[in-house]
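Within every chain, numbering begins at 1; the chains are lettered A, B, ... in the order of the sequence lines, protein sequences first and strands thereafter.
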Amino acid sequence: MFLTNPTFAVNLFMMELVPRIKEIVRSVLDQHYRFSMESESVLVNETKPEFTGDYTVVLFSISKTLKLNPDTLGKELGETMMKDNPGLFEGFNVIKGFLNLVIADRILTDFLKSRYEDPAYGLRPANGRRVMVEYSSPNTNKPLHLGHLRNNFLGWSVASLYRANGYDIIKTCIANDRGIHICKSMLAWKLFANGATPESTGIKGDHFVGDYYVMFGTALKYEVALLEAGGMSREAAEKEAPLMKAAQQMLVDWEAGDPETIALWKKMNSWVYAGFDITYRRIGSDFDRVFYESETYLLGKDLVEEGLRKHVFYRKDDGSVWIDLREDGLDEKIVQRSDGTAVYMTQDIGLVVKKYEQYHMDRSIYVVADEQNYHFKVLKLICQKLQLPSAAGIFHLSYGLVELPSGRMKTREGNVVDADDIIDEMNRIAEGHTNELGKVDDFTKEERIELYDTIGLGALKFFLLRVDPKKRMVFNPDESIDFHGFTGAFVQYSYARVRSILRKEAPGKNDIDQVLPLFPLEKAMILTLEKYAGLLHTACQEMNPSLVANYAFGLAKTFNSFYVEHSVGRAESEHKKQLRIRICRLTSTVLRSSMGILGIRVPERM
RNA sequence: GGCCCCGUAGCUCAAUUGAAUAGAGCAUUUGACUACGGAUCAAAAGGUUUCAGGUUUGAAUCCUGACGGGGUCACCA
């Protein structure tokens, strides 16, 4: 670690502020108190607004171990830190167990000078490590809904976070393109469509196929009702219904490679993919590699053999293969059916191996809803027990469902917010607002359409990404997504404002060393900008784009306050003007960069 | 029922993983365009962090219990 190696001490001056403060505290404690701790575990917070200072060292745990009065420790620590690091701190104060540090203005203007022109500010150089992110993973029997959008935005954005932190990223998607659910829509099409196609009806392919899936459900319900009226139990009726039996037969035919069934399957899937492509292109989801379940569902059988040899699995009398995870606090889990076919889990293990053989990634992230927490817990455990080299890198990025005020969305019950619909609606609202304000009346038609999409889709992405992924969230279709306050449009508007200034003012050669002292909002702006690199690092470690959204909003908010308080064009002095132009330059870079990581474009004007 | 997750302002969400007087946005109320863009800014009001105990110098955060909500326990995926 260069942090603790004195030959690299010069690096301290290039470090970001918070790690730098932590390292200073660690070093002072080490040298003056013979107390050693990791610099990482020094607790440094932003100082609360009601106290004087920028960053605060929390001393309680240290003073406790050293058996010193926190006040005494704080004063000694503060004085030594000031003395050892001339120019870094302007002052300090100790209140209870808190050591509040005031960062010297000069440090901040130096930071600004060195970084304001850097378009890659905050990003890290390549580190040679590779991360795979699997996301989206749709079923090919129905169109995408709002929940899929959360998944897509999250996966895409987490991948971007890794890239920003220097990782080589591979985005993958597994299309769930086979199985009984696919057969249901195929069967319904055969029975009810009379040869209709997306082309003949003008309906987008994924919606077209989804309609037949719903139709199957409706028809099945009718059949079940008839059978129930005839005295059959519901459970039996659902099994015995002719439609259900036909669907099951179709699956058997599919697995047997029946040419007619395969041809229909290919045709209908191609319609769905054509529909998905439109939506994916629209929302900016892209993949380096798509896996198809139809190609992977037989994978994993040799691993079953291997598991049996290693006594990780065992075979029951009927031939089915199991793993006993009761010692790990879980249950017994089947990994191969008695007829020798693979189950979901087996395929997934097979795919783990296949992916690893091909890409040798250090980490493999699965963006999958939290309903599957148990599944992924088991998957990782099995891979570990099989001693697969890829096991350690498996990580389930579990996210909460998007719910309606009435509860969970269910395609079969029709209470879903369709992805295409909500995007259209957002664009319409963006169009309405834009035209009402009339600020871009000189735009061409194409420019306008692009702007509506930037704002509408941006609002939707921001809405879904600003919440901690792990948490469930509620979407109320009756209240349209906002364009004021903590929203994508707010950040975009702030960006357009900075750009508007930068179209008029360019940085001159004046140095900015004579602008001290900084006004509070100037200082707040630079401090916020300085945090960006550290924030990207944390957000990546936690795989949490909501931290980026919160940061971007905070920066935009501080900028708007700064904007109102301090004029750039009519600054009090040329030096102040140059300082503020540089603040604007870096703000523009960071707003664009942070929104970019969320997959949100920023407009020059709006 | 077993196991897992959640409960914070009227609503939607934060809280640097145990730290100072729990913060934002929306909605409500008030003020600000002869100022680089008012999709903005400044301010007010809004909280017994579901409840009851416990640990701690310090608890929304950790522990126990209750209540409420969700998920999962398939030879489905």
Side-chain angles (χ1 to χ4, degrees), chain A residues 18 43-51 56 58-61 63-64 70 95-98 100 137 139 176 178-181 293 297 316 318-322 329-331 333-345 347-348 369-375 377 398 400-401 403 405 407-408 430 433-434 436-437 439 455 459 463 466-468 470-476 479 481-487 489-490 492-494 496-505 534-535 538 542 546-547 550 553-554 556-557 560-571 580 584 605-606:
Chain A
V18 171
L43 188 52
V44 174
N45 297 344
E46 281 163 41
T47 304
K48 297 236 164 195
E50 55 268 34
F51 300 97
T56 296
V58 183
L59 301 168
F60 293 108
S61 61
S63 65
K64 197 175 172 185
I95 298 168
K96 295 206 267 176
F98 302 93
N100 300 321
S137 307
N139 290 340
N176 298 305
R178 51 136 247 139
I180 190 78
H181 51 293
E293 201 205 327
Y297 83 109
K316 284 191 178 175
D318 63 0
S320 58
V321 180
W322 295 74
L330 305 172
D331 300 316
K333 194 86 191 168
I334 190 161
V335 294
Q336 183 172 293
R337 295 193 188 95
S338 50
D339 64 4
T341 55
V343 292
Y344 178 40
M345 184 61 72
Q347 295 170 40
D348 262 10
D370 61 10
E371 320 166 88
Q372 296 204 36
N373 284 353
Y374 185 79
H375 172 79
K377 211 167 162 182
S398 160
L401 297 178
E403 291 183 356
R408 201 175 161 172
H433 276 275
T434 305
E436 205 174 302
L437 292 169
K439 292 178 187 172
I455 299 171
F463 177 84
R466 64 176 207 187
V467 180
D468 185 333
K470 290 187 288 295
K471 297 195 175 170
R472 266 183 309 189
M473 62 184 295
V474 176
F475 171 74
N476 188 345
E479 300 166 13
I481 293 174
D482 226 301
F483 287 77
H484 302 276
F486 186 15
T487 65
F490 178 94
Q492 290 171 327
Y493 174 76
S494 311
R497 268 187 152 178
V498 198
R499 299 305 297 172
S500 171
I501 293 175
L502 292 172
R503 276 193 294 274
K504 300 183 183 96
E505 311 287 349
L535 168 99
T538 311
E542 297 185 12
S546 80
L547 298 177
N550 276 278
F553 173 64
K557 204 169 143 57
N560 282 323
S561 303
F562 161 83
Y563 176 96
V564 169
E565 185 78 19
H566 302 294
S567 178
V568 177
R570 305 186 191 187
R580 290 175 194 160
C584 287
R605 294 171 54 195
M606 67 185 275

Write down the atom of A:Leu59, the atom of A:Pro70, and the distance for their closest heavy-atom approach.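 Heavy atoms of A:Leu59 and A:Pro70 come nearest at CD1-O, 3.9 Å.
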Hey, does the side-chain of A:Asp331 have a donor or acceptor N/O within less than 3.5 Å of a partner on the base of B:A74?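 Answer is no: no donor-acceptor pair is held.
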Is any N or O donor-acceptor pair between the side chain of A:Thr434 and the base of B:A39 shorter than 3.5 Å?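 Result: at least one qualifying N/O pair found.
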Spacing between [X] atom [atom1] and [N] atom [atom2], to the nearest angstrom:
X	N	atom1	atom2	result
A:Gln492	B:A39	CD	C1'	10 Å
A:Asp468	B:G25	CG	P	20 Å
A:Gln372	B:C3	CD	P	22 Å
A:Phe553	B:C41	CZ	P	8 Å
A:His375	B:U72	NE2	C1'	13 Å
A:Arg503	B:G37	CZ	P	8 Å
A:Glu46	B:A20	CD	C1'	15 Å
A:Ile180	B:A77	CD1	P	10 Å

Counting Watson-Crick and G-U wobble pairs only, both distances under 3.5 Å, name the nucleotide matched with [N], or none.
N	result
B:C33	none
B:G2	B:U72
B:C67	B:G7
B:U48	none
B:U55	none
B:A60	none
B:A27	none

Categorize [X] for me: base, sugar-phosphate, or nothing, with a 4.0 angstrom heavy-atom threshold over every strand shown.
X	result
A:Glu293	sugar-phosphate
A:Asn100	base
A:Ser494	nothing
A:Glu542	base
A:Gly569	base
A:Ile455	base
A:Val568	base
A:Lys471	sugar-phosphate
A:Met473	sugar-phosphate

When rounded to the nearest Å, what value does the distance between [atom1] atoms of [N] and [M] take?
N	M	atom1	answer
B:U61	B:U56	C1'	13 Å
B:A74	B:G65	P	26 Å
B:A45	B:U34	C1'	34 Å
B:C13	B:G54	C1'	30 Å

Measuring from [X]:[atom1] to [Y]:[atom2], what's the distance to the nearest 0.5 Å?
X	Y	atom1	atom2	result
A:Phe463	A:Asp482	CZ	CG	9.5 Å
A:Ile95	A:Glu50	CD1	CD	9.5 Å
A:Glu46	A:Thr56	CD	OG1	9.5 Å
A:Asp468	A:Leu547	CG	CG	7.5 Å
A:Gln372	A:Tyr344	CD	OH	3.5 Å

So, is [X] near the phosphate of [N], with a side-chain N or O under 4.0 Å from OP1 or OP2?
X	N	answer
A:Arg337	B:C76	yes
A:Arg472	B:C13	no
A:Lys48	B:A19	no
A:Arg408	B:G71	yes
A:His484	B:U40	yes
A:Tyr344	B:A77	no
A:Arg178	B:A77	yes
A:Lys504	B:G37	yes
A:Lys557	B:G25	yes

Side chain of [X], heavy atoms from C-beta onward: which of [options] has the nearest atom to it?
X	options	answer
A:Met606	B:A39, B:U12, B:A77	B:A39
A:Ala496	B:G37, B:C13, B:U40	B:G37
A:Lys439	B:U57, B:G38, B:C41	B:G38
A:Leu43	B:U72, B:A20, B:U17	B:U17
A:Tyr563	B:A39, B:G38, B:U12	B:G38
A:Ser500	B:G37, B:C41, B:A35	B:G37
A:Val467	B:U57, B:C13, B:G71	B:C13

Pick the nucleotide of RNA chain B nearest each of A:Ser561 and A:Ile334; which residue has the one closer to the 5' end?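 Nearer the 5' end of the strand: A:Ser561.
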Between A:His566 and A:Glu403, who's closer to the 5' end of RNA chain B by nearest nucleotide?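 First, find each residue's nearest nucleotide; the 5'-ward one identifies A:His566.
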Is any side-chain heavy atom of A:Val498 closer than 4.5 Å to one of A:Tyr563?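 The answer is no, as the side chains (C-beta and beyond) never meet within the 4.5 Å cut-off.
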Centre of A:Phe553's six-membered ring, under 6.0 Å away, within 45 degrees of the axis: is that where NZ or CZ of A:Arg466 sits?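 No, A:Arg466 does not lie over the aromatic ring of A:Phe553.
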Anti or syn, where syn is a glycosidic angle within 90° of 0; which label fits B:U48?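 The base of B:U48 is oriented anti (glycosidic angle more than 90° from 0).
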Aromatic stack A:Tyr493/B:G37: centroid gap under 5.5 Å, interplanar angle under 30°: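 Stack criterion not met.
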Going by 5.5 Å between centroids and 30° between planes, is there a stack of A:Phe98 over B:A20?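 Base of B:A20: stacked against A:Phe98.
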Where the side chain of A:Arg605 meets the backbone of A:Lys439, is there a donor-acceptor pair that is under 3.5 Å apart?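 Yes, because the side chain of A:Arg605 sits within donor-acceptor range (under 3.5 Å) of the backbone of A:Lys439.
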Please step through side chain to side chain contact (heavy atoms under 4.5 Å, CB included) for the pair A:Gln492 and A:Phe483, ending with a clear verdict. CA-CA 10 Å; A:Gln492 290 171 327; A:Phe483 287 77; over 6 Å; no
